[in-house]
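Please read the structure below before turning to the comments.
Just so it is clear, the values below take in all heavy atoms, side chains as well, and ignore hydrogens, waters and symmetry mates. Counting convention: from 1, in listed order, for ligands and their atoms alike.
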Amino acid sequence: MPPKRRATSPVRPSPSPKKHQPKQQKLDNSENDEFDHSRIEERLGIIQRDFYPPEMSNERCERYHKRELPRPFDVLESITRDTAQGRQNVAIGQSVVHWFKRDLRVYDNKALSLASKKAKEGGVPLICVFIVSPQDYQAHMTSAPRVDFELRTLEVLQRDLGEMGIPLYMATIENRKEIPGHILEKCEEWGARHVYCNIEYEVDELRRETKLTKTCLEKGIDFTAVHDDVVVPPGALATGAGNQYSVYSPWYRAWVKHIHEHPHLLNEADPISPNPSTTKQTFPHLFNLPIPTTPPNKLLTGTDRKRLTALWPAGEHEAQDRLQRFLATKIAKYKETRNLPAANSTSLLSVHFSSGTLAARTAIRAARDANTSPKLDSGNPGITSWISELAWRDFYKHVLAHWPYVCMSKAFKYEYSDIRWSYDEAAFQRWCDGQTGFPIVDAAMRQLRSMAYMHNRCRMIVGSFLAKDLLIDWRMGEKFFMEHLIDGDFGSNNGGWGFSASTGVDPQPYFRIFNPFLQSEKFDPEGSYIRKWVPELEDVKGKAVHDPYHRGAGREAERRGYPRPMIEHAEARKRALEVYKEGLGRGTANLGGGVHN
Ligand SMILES: Cc1cc2nc3c(=O)[nH]c(=O)nc-3n(C[C@H](O)[C@H](O)[C@H](O)COP(=O)(O)OP(=O)(O)OC[C@H]3O[C@@H](n4cnc5c(N)ncnc54)[C@H](O)[C@@H]3O)c2cc1C
């Protein structure tokens with residue numbers, strides 16, 4: 001049975017104009033000591049019981065933390081080592097398979113390159129595979145914009161592969177657990193004895209690849225999963241005491257040093273070769289297959305699809321062009337401007353990294369080559385700063401591999417699960433809708449709803465606001481982001497939310513609480529980001545735009561229907577400090593401290 005936890009006082013919204021009051025759903029947990037969190041976690045979809053049955057206890061997290069439980073990443077590494085000889089001995093069949101997942105590109109793709117090499121050596125065709133699983137989308141909370149982006153990318157991929165005589169087999173398999181079996185069936189049908197793919201670092205995926213490595217070999221098939229999504233594989237970096245780094249700065253220094261010592265990590269994977277000309281005769285039914293249809297619950301409206309297609313053209317050629325444009329025009333000023341949401345100064349490449357239309361390795365190599373220094377941490381400050389941001393991606397994937405319980409709805413600092421979060425759905429809805437009365441928060445949430453994207457600084461601001469000011473369970477925000485972002489990436493999103501809620505790897509203590517008004521003044525000094533996304537405030541002059549009701553523009557804001565602030569920040573800050581302190585006290589009392597490296 002999951003532990004019963006008491007819950008916090010719900011946030012009490014201050015009045016706002018009537019039309020912004022969402023329908024209140026009674027979920028008041030404040031006066032009920034026996035309030036059952038697990039039921040509410042399920043009801044709100046924070047934990048999807050259909051996919052993740054066992055409750056992760058703090059005790060179990062601690063055992064993972066102390067390495068008393070085998071980590072899925074280590075298990076995959078060890079099965080890969082143990083089966084290396086057996087897999088090497090597998091003779092070539094009649095074809096070789098590459099399984100595309102979150103690596104939807106031809107250029108600089110490690111597993112695809114290995115598969116192509118194997119096919120060429122054996123004189124057999126390469127067949128590529130992509131499986132759509134609506135259940136997988138559900139389990140991963142994949143947003144409709146992201147599904148649309150992936151399906152649009154498949155068109156590009158199919159065309160590019162087709163020009164080399166390489167078929168892209170695509171199928172929809174409802175049940176995610178049936179994907180491996182389907183791939184094995186296809187291997188039988190196509191006489192394939194070698195399957196390649198790139199590793200994903202989430203727990204389910206690591207376990208699936210471990211199982212596939214074993215079962216394939218039992219059937220005489222070599223299944224090889226390789227590192228590609230990260231520049232430095234997890235496990236390659238350790239502290240002096242041999243532990244994993246859980247703090248970014250020393251990890252980053254070790255990451256840079258490791259790449260300087262192993263420069264091949266940035267090398268381009270060998271280009272793939274065209275298939276034998278007979279492939280179209282041997283496998284005619286695999287060419288020009290229709291792109292899988294969008295699952296009904298992931299359909300966009302026509303207007304949304306049109307807008308998002310224009311904003312986020314799909315495919316690796318677009319990714320390469322965007323990268324080149326960014327390097328040529330923006331990267332030099334990146335360090336000074338990257339925190340200003342109105343400046344449009346970042347690369348907007350995250351959707352390409354997270355769907356794999358661009359490898360982080362490719363981007364870092366290009367940035368390094370554009371630098372005045374061959375080193376990753378010296379030369380042009382814009383370039384070094386961008387590389388260090390990209391490194392966060394690797395960092396968070398290392399975190400998934402080393403602390404797998406973060407994939408199981410637990411915070412990295414698991415002792416923080418005893419905080420009495422609020423589950424006030426009306427307050428949460430106001431946050432989702434950009435109706436909090438805090439202009440910078442509302443602008444950011446509306447950017448997300450419109451673009452399926454939000455600027456990094458704003459992600460931090462709205463994250464802190466939800467977890468600290470509203471004291472709402474940060475996992476509700478994490479889920480909402482995944483369901484709306486086009487660049488949703490479990491590791492970066494989970495890491496970002498851990499940072500914002502102070503429950504993650506960030507060493508800063510919980511009492512760092514963003515003041516949304518000060519953040520707004522500092523990072524949107526002209527208020528242009530706010531005016532762009534909150535039209536109710538477009539005519540508000542000067543600094544009043546950051547906080548119209550306290551700065552003399554209340555009448556104008558009210559006239560245009562902009563809500564009053566739903567809470568007083570100073571009060572909310574005080575309450576957050578108390579609730580965090582209390583929750584942490586209870587958590588550490590249970591476990592003797594929740595020690596982290
Ligand atoms: C609460 C929260 C949730 C987030 N969720 C996601 C997510 O689901 N997917 C995602 O890709 N990023 C996420 N981020 C990180 C970051 O906000 C985005 O990567 C960035 O805004 C993307 O814009 P860009 O491509 O213009 O970035 P740039 O500034 O151009 O940076 C280049 C690349 O570096 C990586 N990067 C930059 N900052 C970070 C970071 N803080 N953490 C991890 N990687 C980073 C991204 O791949 C990005 O595309 C989140 C951050 C927070 C605080």
Which protein heavy atom lies closest to atom 40 (C) of ligand 1, and at what distance to 0.1 Å?
-> W392 CB, 3.8 Å

Determine, using heavy atoms of G488 and all atoms of ligand 1, whether some pair is separated by less than 4.0 Å.
-> yes

Considering only heavy atoms of S350, which atoms of ligand 1 have at least one such atom less than 4.0 Å away?
-> 11 (O), 22 (C), 23 (O), 25 (O), 49 (O)

Got the closest protein heavy atom to atom 9 (N) of ligand 1, with its distance?
-> D487 O, 2.9 Å

Does any donor atom in the side chain of H402 or Y201 lie under 3.5 Å from an acceptor atom in the other side chain?
-> no

Of the choices M454, R457, R459, which has the non-hydrogen atom that lies closest to atom 18 (C) of ligand 1?
-> R459

Residues at least two apart in sequence or cross-chain that pass side chain to side chain contact (heavy atoms under 4.5 Å, CB included) with A411, listed by chain then number, are W474, T503

Any atoms of ligand 1 less than 4.0 Å from a non-hydrogen atom of Y453? List them with their elements.
-> 21 (O), 22 (C), 23 (O), 24 (P), 26 (O)

Which salt bridge (Lys or Arg N to Asp or Glu O under 4.0 Å) pairs, counting each pair once, include a residue from residues 451-462, with sequence neighbours left out?
-> R459-D487

Within-shell test, F395 vs ligand 1, heavy atom, strictly < 4.0 Å | no

Take every heavy atom of M460, measure it against each atom of ligand 1, and state whether any distance is under 4.0 Å.
-> yes

State if F490 counts as touching ligand 1 under the rule of any non-hydrogen atom under 4.0 Å.
-> no

Decide whether the shortest distance between a heavy atom of Y396 and an atom of ligand 1 is less than 4.0 Å.
-> yes

Polar contact flag, side-chain donor to acceptor under 3.5 angstrom, D489-S492 | yes

